[in-house]
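Quick notes on the structure that follows.
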Protein chains: 2
Amino acid sequence: MGRWEPDALGRLRAAALDLFTERGYEQTTVADIAERAGLTSRTFFRYFPDKREVLFQGAEGLEGAMTEALKKVDSASPALEAVSAAVYAVGSYMGDIRDFARLRRNVIQTNAELRERELTKLSKLSGALAEALIRRGSNPIEAQLAAETGLVVFRISFELWIAEGELRSFRDIAHELFLQMSLLTRV
Amino acid sequence: MGRWEPDALGRLRAAALDLFTERGYEQTTVADIAERAGLTSRTFFRYFPDKREVLFQGAEGLEGAMTEALKKVDSASPALEAVSAAVYAVGSYMGDIRDFARLRRNVIQTNAELRERELTKLSKLSGALAEALIRRGSNPIEAQLAAETGLVVFRISFELWIAEGELRSFRDIAHELFLQMSLLTRV
DNA sequence: CTCATGATGTCATACTGTGACAACACTTGG
DNA sequence: CCAAGTGTTGTCACAGTATGACATCATGAG
């Protein structure tokens with residue numbers, strides 16, 4: 001495969017994140033991004049199906065990390081426990097990219113379209129978790145309930161983790177929320 | 001306020017739903033919708049901020065129904081119980097519009113953009129519920145957990161209710177799922 | 001060197017969404 | 001009954017997203 005300059009995809013991602021933080025998502029056109037990356041709009045759309053995806057594609061590591069973690073949980077343990085293990089596992093995955101995650105998150109929060117896409121991605125993640133749970137032996141409804149509940153905890157934990165300085169690790173926050181969740185649903 | 005023909009807004013909604021079911025969301029342009037309603041594209045965008053919203057605007061009855069129901073719950077009862085009451089309340093609200101809801105839902109499920117917007121609406125609803133819970137005295141995190149958990153049940157219940165023929169009422173389905181949820185999180 | 005391949009550019013085009021302004025029906029006050 | 005005022009719609013122009021068709025060109029294989 002021919003290549004003159006390194007990593008067009010990476011350059012597009014970086015250019016986009018830069019411009020979005022500099023002047024905002026809506027104030028940045030695809031042409032702007034492409035130009036800063038030394039490419040054209042047409043090429044941008046060869047790498048990303050739409051403008052939003054430049055911030056989301058590549059974050060599929062999450063899905064892999066979580067489903068991998070799920071596989072390692074004792075298959076006798078209940079569904080939600082398995083999901084919580086998967087959430088904890090992602091904690092260490094994110095510790096590395098903390099600053100990037102925060103930057104990216106701040107851009108997303110400034111724009112409705114981007115928040116919309118974020119919800120979609122989380123929903124897709126929930127679907128993948130549910131599938132993994134079904135393969136583990138859960139019935140479909142239990143699987144969906146457990147997966148979506150786990151993702152509620154994940155999402156809130158993530159926000160708290162970003163908001164707090166360095167007080168607690170993602171894992172600790174998530175752990176506390178899982179506890180609170182179990183208290184909440186106690187009849 | 002001047003008006004020659006009745007209810008431009010309603011005509012646009014009806015035209016959109018018709019065309020979307022006939023030839024699909026993507027195969028329908030805003031100009032098509034407007035034309036069938038006897039209007040122009042420019043007018044469409046005066047009633048709806050974007051093409052998707054024509055299927056969602058007006059469904060805010062849900063939010064009102066749920067927060068109203070919340071207010072009627074004994075303020076001593078726990079957060080999730082209040083939320084479940086709100087979900088049950090919506091059940092009767094939807095019994096009336098069942099066929100419409102099913103039609104609308106089927107259109108939404110055929111298209112990624114529309115599913116995306118649906119998630120956003122549910123997220124907004126969850127936010128409103130959480131706020132209502134906070135006003136009731138819950139702390140913010142508990143409120144968010146309860147609201148989002150309740151909406152997980154709501155969403156899954158809705159899908160099951162649509163999928164089943166007439167077997168069970170929405171309320172019965174939701175009730176069973178709330179029970180299953182409490183079993184799920186029992187440590 | 002030549003050819004096949006893959007990445008990129010160019011050009012054309014449909015559609016979404018918005019601003020500015022004109023046109024028009026209807027209402028109200030005189 | 002007319003005139004001014006108000007709200008709704010149409011017309012026009014335009015920026016931006018997204019996609020198809022085709023040309024171009026660097027590179028690596030033979």
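Lettering follows sequence order; numbering is per chain, from 1. Keep in mind that this is a model prediction, so the values were computed, not measured.
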*Can you list the residues that meet the side-chain contact (heavy atoms from CB on, under 4.5 Å) rule with R102(A), with sequence neighbours excluded?*
R98(A), N106(A), I162(A)
*asked:* Restricting to side-chain contact (heavy atoms from CB on, under 4.5 Å), what partner residues turn up for S123(A), sequence neighbours left out?
replied: L119(B)
Give a yes/no answer on whether the side chain of [X] brings an N or O atom under 4.0 Å of OP1 or OP2 in [N].
| X | N | result |
| --- | --- | --- |
| Y47(A) | dA7(C) | no |
| T40(A) | dT8(C) | no |
| T43(B) | dG10(D) | yes |

*Relative to F56(A), does R104(A) satisfy both conditions: NZ or CZ under 6.0 angstrom from the six-membered ring centre, and within 45 degrees of the ring's axis?*
yes
*Produce a footprint string for nucleotides 13-19 of chain C: one letter per nucleotide, 5' end first; B if the base is under 4.0 Å from any protein heavy atom, S if only the sugar-phosphate is, - if neither.*
--SSBBB
*Rounded to the nearest Å, what distance is computed from the CD atom of residue E26(A) to the C1' atom of nucleotide dT17(D)?*
14 Å
*L12(B) CG - dT8(D) C1' separation (whole Å)*: 13 Å
Taking only distance into account, with no hydrogens and no angle test, what donor-acceptor pairs under 3.5 Å do side-chain atoms of residues 146-156 of chain A form with protein atoms, sequence neighbours excluded?
| from | atom 1 | to | atom 2 | distance (Å) |
| --- | --- | --- | --- | --- |
| E148(A) | OE1 | R155(B) | NH2 | 2.4 |
| E148(A) | OE2 | Q144(A) | NE2 | 3.3 |
| T149(A) | OG1 | L145(A) | O | 2.6 |
| R155(A) | NH2 | E148(B) | OE1 | 2.3 |

_Donor-acceptor pair present, R46(A) side chain and dG9(C) base, under 3.5 Å_ = yes
In a table with atom names and distances, give each donor-acceptor pair under 3.5 Å that connects a side chain of residues 172-179 of chain A to protein atoms at least two apart or in another chain.
| from | atom 1 | to | atom 2 | distance (Å) |
| --- | --- | --- | --- | --- |
| D172(A) | OD2 | S169(A) | OG | 3.4 |
| H175(A) | ND1 | Y88(A) | OH | 2.8 |
| E176(A) | OE1 | R168(A) | NH1 | 2.7 |

Would you tabulate the side-chain donor-acceptor contacts of residues 129-136 of chain B under 3.5 Å, counting partners in other chains and residues two or more places apart, or write 'none'?
| from | atom 1 | to | atom 2 | distance (Å) |
| --- | --- | --- | --- | --- |
| R136(B) | NH1 | D74(B) | O | 3.3 |
| R136(B) | NH2 | S77(B) | O | 2.6 |

